[in-house]
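These notes concern the structure reproduced below.
The structure presented is a predicted model; accordingly, all values stated were derived computationally and were not measured. When a residue number appears, it is its place in the shown sequence, counting from 1. The basis for the numbers below is simple: all heavy atoms, side chains too, and nothing from hydrogens, waters or symmetry mates.
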Amino acid sequence: MAVIIVICLVLGYAFILIFSSKIFEINRRMEFAKIKNTENAYILSNSRLTDVQDDPDFENGIEHRSDYGSASIYVTFKNDTFMAYGTEIDEELPYFYTFDNFSYDLFDENNPEKQVMVSKYLANKYNMKVNDEIIVNGSVWNICSVYENEYLNKSIVFPINSNALENNDMHSRSSIIQFNENYLKSDPQILKGEGVTPLQRRQETNLKSLNMYKIFIVAFAVIFIVISILNCYLVFFSNINYKRKMYGIKKTYGASSSLCFIDVFLENCIFSLLALHISCLLVHVFRYNIPVFFYTEVNLAVYFSAMIVVLIVTVIYSLIIFKKINSISTIKLLKE
């Protein structure tokens with residue numbers, strides 16, 4: 001009976017862990033989608049930049065600038081070849097975007113080693129880690145960092161002059177430029193028409209997409225979590241029903257209602273905590289062998305949140321179940 005209870009609870013708690021961590025992941029992505037400095041900043045495509053490359057007023061109007069290029073690339077890692085986004089950036093990009101684990105070693109001229117940064121999304125999907133080697137366009141690159149950033153969520157980052165993407169037909173370059181007030185007052189034509197996007201608009205679009213994704217995940221999670229909670233309730237209730245006669249005997253020998261409740265609660269807690277930790281172990285072991293949509297990382301925040309929820313649910317279930325058992329007379333319990 002105990003084995004069946006634990007197996008049923010493990011299945012329920014595994015779904016709760018997966019969806020809880022997905023919601024946590026989206027919240028983290030929303031943090032990284034926030035832009036550090038959006039005032040007077042615009043994204044200009046390469047076609048618009050060529051129009052004013054030699055204009056001294058344009059150059060004098062720049063407060064800060066960061067360049068980047070992007071293309072689709074094929075990556076080989078441990079005999080597995082897959083397509084990803086390759087992005088060439090300079091070390092100034094964190095001035096505008098929020099990064100975690102951004103590695104300035106990538107841009108160190110004194111370090112001749114070919115280094116790249118890999119997004120956490122790709123690292124999770126293909127089980128990459130720091131110091132692993134990947135092959136792009138026949139060249140070997142060493143992973144120096146696994147970063148988090150919503151705008152480059154599925155990218156492998158190269159230095160801006162690495163030439164890793166030059167042979168790709170889809171290659172394109174853009175710049176994020178922050179202009180000073182004097183230049184903007186001159187009403188520059190460069191900021192009008194196609195090829196120019198305010199950085200603030202990019203942020204709003206991305207946050208809106210993440211909010212929609214979060215609503216979808218929450219709605220999807222509620223269905224599975226409700227089913228899991230009902231499953232847990234049925235498991236606990238079946239276990240107590242199985243032992244109704246035992247509680248009748250305890251009451252006959254003078255056990256108080258509070259003592260019986262403690263017995264019920266401790267047993268449920270042991271089953272719940274054991275099942276939760278088995279669920280954490282299973283999710284951790286099999287996380288690379290499930291679809292990316294369900295991929296989850298059980299970090300400390302998710303673990304402690306799950307622990308609190310499990311304990312609260314266990315207390316509530318124990319109270320409800322014990323109240324039902326306690327309402328039955330001792331004689332009736334013994335007869336059953």
Side-chain angles (χ1 to χ4, degrees), residues 1-27 214-284 294 296-336:
M1 186 66 180
V3 172
I4 293 171
I5 291 169
V6 171
I7 291 173
C8 291
L9 291 177
V10 165
L11 293 174
Y13 291 159
F15 277 113
I16 292 173
L17 278 172
I18 288 172
F19 286 107
S20 298
S21 59
K22 289 302 286 187
I23 293 170
F24 179 86
E25 175 197 322
I26 294 169
N27 287 334
K214 184 176 181 180
I215 291 170
F216 170 75
I217 289 291
V218 169
F220 205 75
V222 165
I223 297 171
F224 279 91
I225 289 174
V226 167
I227 293 172
S228 299
I229 289 174
L230 289 174
N231 175 64
C232 296
Y233 175 78
L234 291 173
V235 169
F236 284 136
F237 191 69
S238 298
N239 183 45
I240 297 300
N241 272 337
Y242 181 70
K243 297 181 177 179
R244 283 158 75 116
K245 188 173 182 178
M246 181 190 71
Y247 287 110
I249 295 171
K250 284 186 176 183
K251 284 187 175 183
T252 303
Y253 282 92
S256 64
S257 295
S258 59
L259 191 63
C260 288
F261 171 74
I262 290 172
D263 183 43
V264 172
F265 175 66
L266 287 177
E267 185 179 49
N268 289 345
C269 274
I270 290 170
F271 285 140
S272 288
L273 292 176
L274 179 61
L276 176 64
H277 287 86
I278 293 174
S279 298
C280 289
L281 179 63
L282 290 176
V283 169
H284 179 73
F294 289 103
T296 181
E297 182 178 359
V298 182
N299 51 41
L300 287 176
V302 173
Y303 170 75
F304 285 117
S305 298
M307 179 81 75
I308 292 169
V309 170
V310 163
L311 288 176
I312 291 172
V313 168
T314 303
V315 171
I316 294 172
Y317 282 174
S318 299
L319 284 170
I320 293 172
I321 293 167
F322 179 73
K323 188 176 179 181
K324 287 187 175 183
I325 297 296
N326 202 42
S327 63
I328 303 172
S329 67
T330 305
I331 295 173
K332 189 174 181 182
L333 286 172
L334 287 171
K335 282 181 179 179
E336 291 180 353

### Query
How would you list, by chain and number, every residue that makes a side chain to side chain contact (heavy atoms under 4.5 Å, CB included) with Leu266, sequence neighbours excluded?
Ile262
### Query
In chain order, what residues pass the side chain to side chain contact (heavy atoms under 4.5 Å, CB included) check against Ile23, with sequence neighbours excluded?
Asn27, Lys214, Ile217, Val218
Closest heavy-atom contact between [X] and [Y]?
| X | Y | value |
| --- | --- | --- |
| Ser272 | Thr314 | OG-OG1, 3.0 Å |
| Ala14 | Ser279 | N-OG, 3.6 Å |
| Leu311 | Cys269 | CD2-SG, 4.3 Å |

### Task
Enter the distance from Tyr303:OH to Ile308:CD1 here, rounded to the nearest 0.5 Å.
11.0 Å
## Note on the structure
side-chain contact (heavy atoms from CB on, under 4.5 Å) with Val283: of Ile278, Ile18, Val302, only one passes, and it is Ile18
